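Working notes, beginning with the structure itself.
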Protein chains: 4
Amino acid sequence: MTPQSEEQLMKRQEARRQQILDAALKVFAVRGLHGAKMSLIAEEAKLSAGQLYRFFESKEELFITLIRQVAKETAREIGNIYNLPGSPYRKLRAFTATILEEDGAQYPFKLIQQANTDEQVPDEAKQLLGQFSAKRFVEELLPLFEEGQRVGDFAQGDARELISAFLTILSAVITLNMPLDDDHRLPSADLLMRIVAGPGA
Amino acid sequence: MTPQSEEQLMKRQEARRQQILDAALKVFAVRGLHGAKMSLIAEEAKLSAGQLYRFFESKEELFITLIRQVAKETAREIGNIYNLPGSPYRKLRAFTATILEEDGAQYPFKLIQQANTDEQVPDEAKQLLGQFSAKRFVEELLPLFEEGQRVGDFAQGDARELISAFLTILSAVITLNMPLDDDHRLPSADLLMRIVAGPGA
Amino acid sequence: MTPQSEEQLMKRQEARRQQILDAALKVFAVRGLHGAKMSLIAEEAKLSAGQLYRFFESKEELFITLIRQVAKETAREIGNIYNLPGSPYRKLRAFTATILEEDGAQYPFKLIQQANTDEQVPDEAKQLLGQFSAKRFVEELLPLFEEGQRVGDFAQGDARELISAFLTILSAVITLNMPLDDDHRLPSADLLMRIVAGPGA
Amino acid sequence: MTPQSEEQLMKRQEARRQQILDAALKVFAVRGLHGAKMSLIAEEAKLSAGQLYRFFESKEELFITLIRQVAKETAREIGNIYNLPGSPYRKLRAFTATILEEDGAQYPFKLIQQANTDEQVPDEAKQLLGQFSAKRFVEELLPLFEEGQRVGDFAQGDARELISAFLTILSAVITLNMPLDDDHRLPSADLLMRIVAGPGA
DNA sequence: TATGAATGAGCATTCATTCAT
DNA sequence: CATGAATGAATGCTCATTCAT
């Protein structure tokens with residue numbers, strides 16, 4: 001019976017599910033849809049391969065679920081930019097710096113890029129990405145940029161275009177991780193800010 | 001056997017080999033290491049699958065050879081920037097615009113990024129990239145940037161850092177190709193130039 | 001532990017065991033040896049999958065035990081034909097009609113046929129069937145048929161051959177259940193009786 | 001190039017395909033949809049497992065194709081009954097005897113029964129069977145039976161019902177193959193004919 | 001003792017590589 | 001030499017069986 005924990009069971013299940021999604025995020029992000037063997041995901045999640053199928057019907061469903069979750073979370077995170085202190089420029093700079101420095105922050109972006117680049121991703125994932133990533137994020141940031149342009153923080157011009165360029169570059173930079181010298185690191189937040197900076201910045 | 005064709009044979013062989021490498025570049029760049037089936041490469045090269053193995057021992061060798069060639073050629077192409085007309089700023093802007101607009105120009109960058117991102121890539125390819133891509137390209141551009149900084153075209157600071165940031169972003173943007181709205185395209189060359197632009201630009 | 005429950009325990013165990021066998025009969029009959037998942041049998045028996053293994057060492061043992069029991073019970077049921085009222089013809093007709101109409105009556109026959117048809121069936125089960133089903137059933141019915149032939153109810157000829165033909169056809173018809181038109185059903189008992197009917201029937 | 005045989009190639013391909021279908025018929029018929037491992041079919045067809053996939057997309061497609069072919073061929077064979085000599089009774093008896101004696105004749109019937117019995121066969125196969133097997137065969141034989149009833153060869157009553165009963169039993173008998181004594185064989189054609197025989201037979 | 005989560009062996013399928021033609 | 005058919009190793013997925021709780 002082991003009924004003591006009807007609710008605990010649900011919690012453990014949910015934790016497990018999330019554990020798999022976390023593992024899948026890393027593996028899919030780094031190795032791509034094909035390169036991500038279910039056995040690797042299982043290993044990363046510290047379970048047997050068979051267990052994955054108690055939570056997700058197939059590799060494809062796991063992938064799509066992951067994309068959906070990542071898209072949602074990323075949208076939410078971007079929305080949080082409005083809670084940061086200071087001017088639009090300072091908000092965006094802080095947001096950018098956080099993403100560049102956070103260690104795990106690269107995985108969602110890598111995943112989204114992998115999914116966008118890879119021709120064989122399932123259609124449903126493609127659609128999700130189409131809806132979420134670009135357009136939605138741009139709209140999310142639009143008020144910030146319009147305000148920023150008004151106060152001279154950001155360069156003039158089509159705000160949507162500016163945002164999508166900035167996001168594209170930010171995402172790409174996070175994803176790329178080109179191996180430089182030991183002395184050379186990813187571009188700094190300040191450098192990226194030049195893309196959008198206006199006269200008052 | 002006929003002696004006069006001895007040389008012609010070599011040439012035909014060499015042409016064939018290059019034909020395969022060209023095909024492999026496209027297929028690896030678009031589909032990644034895993035998605036690139038040998039049969040697809042053969043088809044793109046208008047050869048039978050079996051022929052590939054007369055020129056390359058394995059998929060892995062083909063990939064490594066390709067990386068090596070692309071790295072060399074890209075370095076050479078970057079070197080050609082010095083033959084472009086005008087100031088350092090104009091040279092770099094022209095170079096950037098060409099890469100962003102030329103259709104085939106994206107393949108080498110995509111390939112290099114695939115190779116850098118994908119963990120499955122054979123170690124030898126990783127090493128090649130480590131040696132060639134980043135460091136070498138940076139050194140290639142160093143004179144241009146130092147000159148540019150002197151004349152105020154480019155921002156002050158560690159030139160190597162500036163170059164590697166610029167290349168990282170350029171490469172990433174080319175690779176990313178994130179599907180934006182129908183109204184939004186990749187960042188323009190002018191936008192990317194803001195990253196390096198100095199007071200005189 | 002409590003002594004008075006010693007016996008009750010045995011009974012409960014036995015009931016449990018039979019519950020499993022009943023469930024297994026249905027599931028094996030309908031889905032075949034391969035299609036019958038242990039989890040389905042457990043569900044049908046309203047037990048957990050793990051419990052099955054407290055009563056049967058393996059799926060194979062469960063199957064063999066089931067075959068053994070079904071063969072015995074069917075032989076016993078066939079023996080009951082002598083308790084039916086009327087002439088040999090009427091006895092056999094009533095027996096036939098019951099089997100064709102009773103809903104659960106088809107399972108044992110389906111199971112036996114599955115076991116006979118399927119090559120994967122363990123050898124031990126095959127042997128059991130060889131010993132039990134055909135020969136034993138025929139011998140069971142031999143007195144009825146000899147009597148029937150004497151009184152003209154059944155056709156003349158080798159009685160054993162007549163019986164095995166009839167049983168074969170009856171079993172086959174029950175098992176087959178070929179989906180006919182909405183207007184066409186399984187052959188009726190009267191139709192099957194023609195196979196054995198003699199001049200006096 | 002090996003172009004000498006554009007046409008021969010097609011023929012060899014077709015032969016190979018049929019070789020697979022023949023092997024699949026045996027294996028599916030005997031072991032059922034689940035029990036039929038692709039490796040067994042390949043072995044029976046004397047090819048490697050991988051080769052099967054050059055001719056059929058999946059096990060399911062192979063199965064469906066097989067069902068389709070078997071249904072067609074069986075319909076054709078049944079149609080040939082009109083070319084047999086003699087009265088309707090003699091035609092049907094000759095047809096029945098042939099099927100009972102032909103060695104390979106059991107496989108198509110076994111296959112159809114497996115497919116009808118097994119709950120997990122793909123829907124497309126179910127539909128094919130629904131269209132082909134029962135109804136179509138009955139209609140095919142309707143003229144023969146109507147003629148037979150007119151001349152007193154066959155019993156009176158709903159001809160369609162009589163046919164479907166006869167076919168059901170014939171099919172079932174062929175399929176069943178219940179292991180009898182060494183002295184007892186399947187019911188003879190004459191015995192089966194009693195099911196349909198009329199006063200003049 | 002009962003549960004059902006966990007394991008892992010086994011089968012369907014794909015694709016790099018080989019080799020008969 | 002060129003072809004593409006054939007092989008088989010590798011991977012996704014299922015399910016009998018085990019075992020921690």
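Lettering follows sequence order; numbering is per chain, from 1. Basis for what follows: all heavy atoms, side chains included, without hydrogens, waters or symmetry-related copies. Everything numeric here is computed off the predicted structure, so don't read it as measured data.
Under the salt bridge (charged side-chain N to carboxylate O under 4.0 Å, His left out) criterion, A:R68 pairs with A:E124, sequence neighbours left out. B:Q13 pairs by the side chain to side chain donor-acceptor pair (under 3.5 Å) definition with nothing, not counting sequence neighbours. In this view, C:E60 and C:S58, C:I64, C:P122 satisfy the side-chain contact (heavy atoms from CB on, under 4.5 Å) rule, not counting sequence neighbours. By the side-chain contact (heavy atoms from CB on, under 4.5 Å) test, D:E14 pairs with D:R17, sequence neighbours left out. Qualifying side-chain contact (heavy atoms from CB on, under 4.5 Å) partners for D:Y107, counting only residues two or more places apart in sequence or in other chains: D:L25, D:K26, D:A29, D:V30. Partners of B:A42 by side-chain contact (heavy atoms from CB on, under 4.5 Å), not counting sequence neighbours, listed by chain and number: B:A49, B:L52. For the ring-ring contact (aromatic ring centres under 6.0 Å, His included) test, residues two or more places apart in sequence or in another chain that qualify with A:F28 are A:F63.
The side-chain hydrogen bond (donor to acceptor under 3.5 Å, both in side chains) contacts involving residues 33-49 of chain D comprise D:H34-D:Q120, where partners must be two or more places apart or lie in separate chains.
In this structure, C:K46 atom NZ and E:dT3 atom C1' are separated by 17 Å, rounded to whole Å. For the pair D:R12 CZ and E:dA20 P, the interatomic distance rounds to 16 Å; values are reported in whole Å. At whole-Å resolution of the value, CD in C:Q13 and C1' in E:dA2 are 12 Å apart.
If you check residues 60-69 of chain A against DNA chain E, you find no residue with a heavy atom closer than 4.0 Å. Residues of residues 17-39 of chain B having a heavy atom closer than 4.0 Å to DNA chain E, listed by number: B:A36, B:K37, B:M38. DNA chain F lies under 4.0 Å from at least one heavy atom of each of the following residues of residues 51-59 of chain B: B:Q51, B:R54.
Comparing A:G50 and D:G50, the nucleotide of DNA chain F nearest to each residue sits closer to the 5' end for D:G50. Nucleotides of DNA chain E nearest to C:L47 and A:A49 differ in position, and the one nearer the 5' end is that of C:L47.
At least one side-chain heavy atom of C:L21 sits under 4.5 Å from a side-chain heavy atom of C:F56. With a 4.5 Å cut-off on side-chain heavy atoms, D:V121 and D:I67 do not count as touching.
Of the possible donor and acceptor atoms, one in the side chain of A:K59 sits under 3.5 Å from a partner among the backbone N and O of A:L33.
Side-chain N/O atoms of A:Q18 and A:D22 include a donor and acceptor closer than 3.5 Å.
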How would DNA chain E look in dot-bracket form, 5' to 3', counting Watson-Crick and G-U wobble pairs with both distances under 3.5 Å and writing | for bases paired to another strand? .||||||||||||||||||||
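In C:E61, the CD atom is crowded: over 12 heavy atoms of neighbouring residues, nucleotides or ligands sit closer than 6.0 Å.
The shortest distance between the side-chain N/O atoms of B:R16 and the OP1/OP2 oxygens of F:dA2 is below 4.0 Å.
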